[in-house]
Amino acid sequence: MTNDSPFDAFLQHLYDQDRSPATIRAYASDLRAFRQWFEAANGEALLVERVTAVDMRAYRQHLESEGKTAATINRRLAAIRAWLRWAQRQGIIEWVPEARGVRRQVLAPRWLSKREEAALLRAAERARQRSAGDMVAHFLAVRDWAIVTLLLHTGLRVAELAALRLEDVTLRPRSGWLLVRGKGRKERQVPLNRIARRALREWLDVRNRQLPSRESNPYLFIGQKWVRRQPLAPSTIRRILHRLAREAGVEASPHALRHTMAKRLVDAGVTLEKLAAILGHESLDTTRRYIEPGQDDLQAAVETLE
């Protein structure tokens, strides 16, 4: 922002409230976009007292015409409202011009079909098989296969997976679990099924052959630069999954894999209370999203008609 920006005092207010740098940058970006549109549309400099309800509605229509998503439009309008309400509290303006946001369509979370899931696992498995004989390639391929398998069979968030340490893993002959540190630093135990235990055992075997000392890096999933004693970054995990999904010819993200695991459990009759405990949801309302029917569910329903 420049020194003559109409937003400087407001952004300083956010800073004084100890808002995160990322939050302040987001507000600044959204307000800059509004300023650019306002001055081009009205032919005058943007001042807080010049903003009207007509401007708010016109800006919303402008964003809709550009094809912006409902989430983006509502976020930008919310940033403008926050600026205006701050100005009202400061006595700069007497009232806050409003404009209704865009209603978002509530959709069930996207999950992978069984065919897509099999294709993704097959791509990871093929990479693991091709890497035999190359120590470094095998190290990475087994790691990537274990990551995909674990995401599909535990429903962990990508940040939770990245933060796992060796001491968080418990493997027994017929059971196992992960100690997961989720949102709000809350801990939960996530059980490991037979498939997840097998993938972890193979990864730990490969990992321990190359890094025999646990002190070398305490994190479960690591990269080639393991000596830095840092975990694999969530962004790296996303790139790994994107690469394997591209090879498999499917669209997949860590969040889609989390939804896939939840959908499979719902279809198997697992109660919402148990699913919420596994996924680390505080509210069952969040978990209920996973019982919303998908397109395949609706197709199967109409096929029952004779």
Side-chain angles (χ1 to χ4, degrees), residues 1-110 157-159 182-186 234-235 253-255 258-259 276 279-292:
M1 307 297 289
T2 61
N3 291 332
D4 62 347
S5 166
F7 313 124
D8 284 344
F10 170 64
L11 297 176
Q12 181 63 45
H13 165 71
L14 295 179
Y15 177 82
D16 294 340
Q17 282 194 320
D18 202 27
R19 304 295 289 272
S20 73
T23 296
I24 296 173
R25 285 196 299 270
Y27 271 104
S29 176
D30 288 338
L31 291 171
R32 278 198 302 268
F34 176 63
R35 181 187 188 183
Q36 182 178 14
W37 170 85
F38 181 95
E39 295 182 350
N42 296 320
E44 61 181 9
L46 173 63
L47 297 175
V48 69
E49 57 268 28
R50 291 177 178 172
V51 179
T52 68
V54 173
D55 292 316
M56 296 286 282
R57 289 193 294 271
Y59 185 53
R60 183 192 65 199
Q61 292 167 359
H62 164 73
L63 294 174
E64 288 176 327
S65 69
E66 284 195 327
K68 302 296 185 185
T69 65
T72 297
I73 295 171
N74 291 338
R75 190 197 70 233
R76 290 194 179 180
L77 292 177
I80 299 167
R81 288 192 201 99
W83 173 52
L84 294 172
R85 287 170 184 158
W86 166 83
Q88 184 185 40
R89 291 193 299 271
Q90 299 300 308
I92 303 173
I93 59 176
E94 293 184 2
W95 61 284
V96 174
E98 287 286 347
R100 287 184 290 108
V102 179
R103 181 175 296 179
R104 292 189 237 187
Q105 183 180 6
V106 179
L107 299 174
R110 186 193 182 280
R157 302 177 178 96
V158 66
K183 291 183 176 180
R185 298 183 180 179
K186 293 185 177 180
S235 58
S253 67
H255 214 53
R258 176 173 165 85
H259 291 168
L279 296 178
H281 289 161
E282 292 187 1
S283 170
L284 288 182
D285 289 336
T286 304
T287 315
R288 283 191 182 93
R289 298 174 61 218
Y290 295 99
I291 64 174
E292 293 289 333

Please indicate whether E64 has more than 12 foreign heavy atoms, meaning atoms of other residues, nucleotides or ligands, lying under 6.0 Å from its CD.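 Count over threshold, so yes.
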
Whether over 12 other heavy atoms sit under 6.0 Å from E66 CD: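 Yes, the 6.0 Å shell around CD holds more than 12 heavy atoms from other groups.
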
Between [Y] and [X], is there a side-chain heavy-atom distance shorter than 4.5 Å?
| X | Y | result |
| --- | --- | --- |
| I93 | V48 | yes |
| L46 | V51 | yes |
| E282 | K186 | yes |

With under 30° as parallel and over 60° as perpendicular, where do the rings of W83 and F7 fit, or are they tilted in between?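 Perpendicular.
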
Does the plane of the ring in H62 sit parallel, tilted or perpendicular to the ring in Y59? Use 30° and 60° as the thresholds.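 Parallel, since the angle between the ring planes stays under 30°.
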
Going by atom types only, do Q12 and D16 share a side-chain donor-acceptor pair under 3.5 Å?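 Side-chain D/A pair, Q12 to D16: present.
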
Which heavy atom in [X] sits nearest to a heavy atom in [Y], and how many Å separate them?
| X | Y | result |
| --- | --- | --- |
| E44 | E39 | O-CG, 3.2 Å |
| G280 | R157 | O-NH2, 3.6 Å |
| L84 | M56 | CD1-SD, 4.3 Å |
| R60 | I73 | CG-CG2, 3.9 Å |
| R50 | A45 | NH1-O, 2.7 Å |
| P234 | A159 | CG-CA, 4.3 Å |

If I take atom [atom1] from residue [X] and atom [atom2] from residue [Y], how far apart are they, to the nearest 0.5 angstrom?
| X | Y | atom1 | atom2 | value |
| --- | --- | --- | --- | --- |
| I24 | D18 | CD1 | CG | 8.5 Å |
| L47 | F38 | CG | CZ | 7.5 Å |
| R76 | K68 | CZ | NZ | 5.0 Å |
| F34 | D55 | CZ | CG | 5.5 Å |

Could you tell me which residues satisfy side chain to side chain donor-acceptor pair (under 3.5 Å) with R19, sequence neighbours excluded, listed by chain and number?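 R19: no side chain to side chain donor-acceptor pair (under 3.5 Å) contacts found.
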
For D30, which of R75, R81, R25 qualifies under salt bridge (Lys or Arg N to Asp or Glu O under 4.0 Å)?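 Of all the options given, the one that passes is R75.
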
Non-neighbouring partners of Y27 that pass ring pair (Phe, Tyr, Trp, His ring centres under 6.0 Å), sequence neighbours left out: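 For Y27, the residues satisfying ring pair (Phe, Tyr, Trp, His ring centres under 6.0 Å) (neighbours in sequence not counted) are F10.
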
